[in-house]
Amino acid sequence: MKDTLKHQGMRNKLAKVLISKGISNAKVLAAIRTIPRHLFMDSSFEGHAYQDKAFPIAANQTISQPYTVAFQTELLELKTGQKILEIGTGSGYQTAALLSLKAVVFTIERQLELFKKTNIFFKKMGYRPKKVIFGDGYKGLPEEAPFDGIIVTAGAPEIPKALMAQLKIGGRLVIPVGFEEQIMTLLIRKSATEFEKKEFGSFRFVPLLEDKN
Ligand code: SAH
């Protein structure tokens with residue numbers, strides 16, 4: 001598959017759809033206009049890649065809806081060079097958005113098949129996250145903490161304490177919380193012990209799974 005002017009045109013339209021849904025951050029919209037989402041998906045979905053919808057990827061998982069990716073990225077309020085932890089690499093589309101905003105990205109995936117596939121894809125495309133890790137993101141990545149931002153791209157039954165502990169003061173954790181449906185939640189770390197919590201609309205994600213051993 002290639003990236004063509006036709007795909008570019010569809011991305012411009014998608015960006016307009018996201019603006020109509022309330023996305024306003026120029027850098028986030030630029031990422032949507034640049035990232036060739038159709039290449040992150042199975043070729044059978046190519047014709048649908050620029051619809052604002054989630055689609056199946058390998059291992060029973062999904063590539064997030066563009067609106068969701070834009071919304072979560074906007075909530076991070078990223079600045080160039082910030083250190084960001086992403087839980088749930090999946091197809092790598094959200095990772096690419098973070099890289100497009102010039103973040104230093106650590107990303108964790110617990111499905112081996114997806115981890116391998118997406119790692120190869122990143123290399124092929126020239127996307128360079130700082131580290132792609134195979135493991136359980138529920139625990140975060142203590143050896144690289146603290147982070148300016150943490151973004152969870154799977155539905156969490158509750159906010160993992162380990163992730164809160166790995167935020168810098170002033171850092172932002174963006175996490176969908178809930179079972180069937182999730183409330184998009186933003187936690188801002190105010191001090192060692194205080195967090196400000198803001199809740200946004202409801203979304204639907206595949207579940208964040210915890211490895212018990
Ligand atoms: N950002 C991805 C979303 C993929 S769906 C994209 O746009 O393609 C969510 C991903 O989270 C799935 O790939 C799933 O395997 C992964 N996941 C679920 N629980 C996890 C955990 N505890 N640690 C790391 N990844 C997890």
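Whatever order the structure lists ligands and atoms in, that order sets their numbers, starting from 1. Note that this is a predicted model, so its numbers are computed, not measured.
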Exercise for review: For the residue pair Thr73 and Gln94, confirm or rule out a side-chain donor-acceptor distance under 3.5 Å.
Suggested key: yes
Review point. Are side-chain N/O atoms of Gln65 and Asp52 paired as donor and acceptor at under 3.5 Å?
Key: yes
Checking a contact table here: which protein heavy atom is nearest [atom], and how many Å away?
atom                    : result
atom 23 (N) of ligand 1 : Gly137 N, 2.7 Å
atom 9 (C) of ligand 1  : Thr153 O, 3.3 Å
atom 18 (C) of ligand 1 : Pro207 O, 3.6 Å
atom 4 (C) of ligand 1  : Thr62 O, 3.0 Å
atom 26 (C) of ligand 1 : Arg110 CG, 3.6 Å
atom 22 (N) of ligand 1 : Leu209 O, 2.5 Å
atom 7 (O) of ligand 1  : Ser64 N, 3.1 Å
atom 11 (O) of ligand 1 : Gly88 CA, 3.2 Å

**Study point:** Lys83 charged N/C atom sitting above Phe147 aromatic ring, 6.0 Å / 45°
**Key:** yes
Numbered atoms and elements of ligand 1 in range of [X], under 4.0 angstrom, heavy atoms:
X      : result
Leu114 : 13 (O)
Glu86  : 1 (N)
Val206 : 5 (S), 9 (C)
Tyr138 : 22 (N)

Looking at ligand 1, does [X] have a heavy atom less than 4.0 Å from it?
X      : answer
Glu210 : no
Ala59  : no
Thr95  : no

Point to revise | Full working for side-chain hydrogen bond (donor to acceptor under 3.5 Å, both in side chains) between Thr89 and Glu109 | key: CA-CA 5 Å; Thr89 315; Glu109 174 56 55; 4.6 Å; no
Study note, to complete from the structure: When Phe122, Tyr50, Tyr93 are each screened for ring pair (Phe, Tyr, Trp, His ring centres under 6.0 Å) with Phe40, the one that passes is Tyr93
Pair [X] + [Y], salt bridge at N-O below 4.0 Å:
X      : Y      : value
Asp3   : Arg11  : yes
Glu196 : Lys198 : yes
Arg110 : Asp211 : yes

Exercise for review: For atom 13 (O) of ligand 1, state which one of Gln111, Lys139, Glu109 supplies the nearest heavy atom.
Suggested key: Glu109
Study note, to complete from the structure: Closest to atom 8 (O) of ligand 1 by heavy-atom distance, out of Ser91, Ala156, Pro160, Gly135, is Ser91
Review point. Taking it one step at a time, do Glu46 and Ser43 satisfy side-chain hydrogen bond (donor to acceptor under 3.5 Å, both in side chains)?
Key: CA-CA 5 Å; Glu46 188 188 353; Ser43 57; over 6 Å; no
Review point. Is the backbone N or O of Lys2 less than 3.5 Å from a side-chain atom of His38, with the two atoms forming a donor-acceptor pair by type?
Key: yes
